[in-house]
Amino acid sequence: MSNEMPFVQIDLTPEYKRNLRELSKKYRNIRLDTQPIIEQFQGGNFTGDRIPGMGENYVILKVRVRNSNIQKGKSAGYRLIYQVESPTSLLLLTIYAKSDREDISPNEIRNILAEFDRDE
């Protein structure tokens with residue numbers, strides 16, 4: 001028996017890919033900034049705060065990611081929103097810069113999920 005952590009499969013929604021591409025034009029280091037958190041996810045470490053109002057069936061979390069392009073700490077960094085689908089599967093829903101917008105609403109998250117379900 002091995003004590004290896006399960007490798008977590010990570011999927012990206014079209015919304016996440018679009019936002020990452022847009023943000024990377026403005027913030028050159030976004031991929032470097034998000035890499036450590038992605039690696040945490042892959043190791044099964046799902047961090048962040050659960051987003052209320054999504055219902056019991058959805059485990060949607062929001063995690064703060066430091067933006068190394070601006071010197072303001074995590075609170076002004078990125079918000080990465082993701083869904084835990086199972087202990088070995090998660091879905092990156094969206095990412096945004098806190099300096100660009102306020103919090104995301106449960107309705108927006110539902111729209112992203114609906115769009116992703118159609119694409120599969």
Side-chain angles (χ1 to χ4, degrees):
M1 222 169 101
S2 79
N3 288 336
E4 295 267 314
M5 286 297 292
F7 186 78
V8 175
Q9 172 69 42
I10 298 177
D11 283 319
L12 312 175
T13 62
E15 169 88 5
Y16 183 90
K17 292 176 191 167
R18 257 194 317 271
N19 290 356
L20 188 66
R21 193 169 54 239
E22 285 304 307
L23 286 166
S24 68
K25 293 174 188 169
K26 190 170 172 185
Y27 305 112
R28 296 235 172 273
N29 294 339
I30 187 166
R31 285 180 172 82
L32 284 171
D33 291 342
T34 54
Q35 195 55 40
I37 200 83
I38 304 284
E39 287 168 6
Q40 273 189 8
F41 293 160
Q42 287 171 332
N45 182 4
F46 304 148
T47 62
D49 301 316
R50 191 158 179 181
I51 294 183
M54 290 305 302
E56 287 304 304
N57 299 342
Y58 291 104
V59 180
I60 311 272
L61 296 151
K62 170 174 71 178
V63 67
R64 292 174 170 190
V65 181
R66 197 174 138 260
N67 179 344
S68 64
N69 290 113
I70 56 173
Q71 300 306 313
K72 287 189 181 162
K74 276 187 181 179
S75 61
Y78 309 110
R79 297 297 182 272
L80 195 157
I81 311 293
Y82 69 101
Q83 176 183 8
V84 178
E85 298 180 299
S86 79
T88 56
S89 171
L90 68 83
L91 178 61
L92 298 181
L93 298 174
T94 189
I95 186 169
Y96 59 91
K98 186 64 178 173
S99 55
D100 294 347
R101 62 164 296 171
E102 283 304 306
D103 286 340
I104 191 165
S105 73
N107 276 346
E108 277 181 273
I109 293 169
R110 285 190 194 93
N111 291 341
I112 295 167
L113 285 166
E115 181 186 336
F116 183 72
D117 286 341
R118 279 198 304 275
D119 290 346
E120 285 192 74

Just do the side-chain contact (heavy atoms from CB on, under 4.5 Å) check on Leu91 and Leu113 with the steps written out, would you? CA-CA 9 Å; Leu91 178 61; Leu113 285 166; 4.1 Å; yes
Query raised in the report: How far apart are the C-alpha atoms of Lys62 and Ile51, what are their side-chain angles, what is the distance that settles it, and do they pass the side-chain contact (heavy atoms from CB on, under 4.5 Å) test?
Result: CA-CA 7 Å; Lys62 170 174 71 178; Ile51 294 183; 3.9 Å; yes
Practice item. Start with the C-alpha gap between Leu12 and Leu20, add the side-chain angles, then the distance that decides, and say whether side-chain contact (heavy atoms from CB on, under 4.5 Å) holds. Key: CA-CA 10 Å; Leu12 312 175; Leu20 188 66; over 6 Å; no
| field | Full working for side-chain contact (heavy atoms from CB on, under 4.5 Å) between Asp11 and Leu92 | value | CA-CA 6 Å; Asp11 283 319; Leu92 298 181; over 6 Å; no
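For Tyr27 and Tyr78, the ring centers sit closer than 6.0 Å to each other.
In plain terms, the two heavy atoms of Ile37 and Val63 that are nearest each other are CD1-CG2, 3.7 Å. Taking every heavy atom of both residues into account, Pro52 and Pro106 meet most closely at O-CG, 3.7 Å. Summarising the geometry of Val8 relative to Pro87, their closest heavy-atom pair is CG2-O, 3.7 Å, with the distance given to 0.1 Å. Nearest heavy atom pair, residue Ala76 against residue Ile70, reads O-CD1, 3.4 Å. Of all the heavy atoms in Glu102 and Tyr96, the pair that sits closest is O-CE1, 3.5 Å. Here the shortest heavy-atom pairing between Phe116 and Pro14 reads CD1-CD, 3.7 Å.
Taking 4.0 Å as the cut-off between side-chain N and carboxylate O, Lys17 and Glu22 do not count as a salt-bridged pair. With salt bridges taken as basic N to acidic carboxylate O contacts below 4.0 Å, none links Arg110 and Glu15. Taking 4.0 Å as the cut-off between side-chain N and carboxylate O, Lys26 and Asp100 count as a salt-bridged pair. For Lys98 and Asp103, the salt-bridge test passes: some basic side-chain N is under 4.0 Å from an acidic carboxylate O.
Considering only heavy atoms from C-beta on, Tyr82 stays 4.5 Å or farther from Ile60 through its side chain. At a threshold of 4.5 Å between non-hydrogen side-chain atoms, the residues Asp49 and Leu61 do not count as touching. For the pair Arg50 and Val59, the minimum side-chain heavy-atom distance is below 4.5 Å. Using a 4.5 Å heavy-atom cutoff, the side chains of Gln42 and Ile10 are in contact. Taking 4.5 Å as the limit, every side-chain heavy atom of Glu85 sits out of range of all side-chain heavy atoms of Leu90. At least one side-chain heavy atom of Ile109 sits under 4.5 Å from a side-chain heavy atom of Met54. Counting only heavy atoms from C-beta outward, the side chains of Gln40 and Thr47 approach each other to under 4.5 Å.
Residue Asn19 holds its CG atom at 14.5 Å from CZ of Arg79, rounded to the nearest 0.5 Å. The structure places CD1 of Ile81 at 7.0 Å from OG1 of Thr94, a figure rounded to the nearest 0.5 Å.
Tyr58 OH: 12 or fewer foreign heavy atoms inside a 6.0 Å radius. Within a 6.0 Å radius of CZ in Arg28, no more than 12 heavy atoms belonging to other residues, nucleotides or ligands are found.
When atom types are taken as modelled, the side chain of Asn69 and the backbone of Asn29 share a donor-acceptor pair closer than 3.5 angstrom. Panel note: side chain Thr34, backbone Arg31; a donor-acceptor pair is recorded below 3.5 Å.
Leu80 and Leu32 end up in different hydrophobic clusters when Ile, Leu, Val, Met, Phe, Trp and Tyr side chains are linked at under 4.5 Å.
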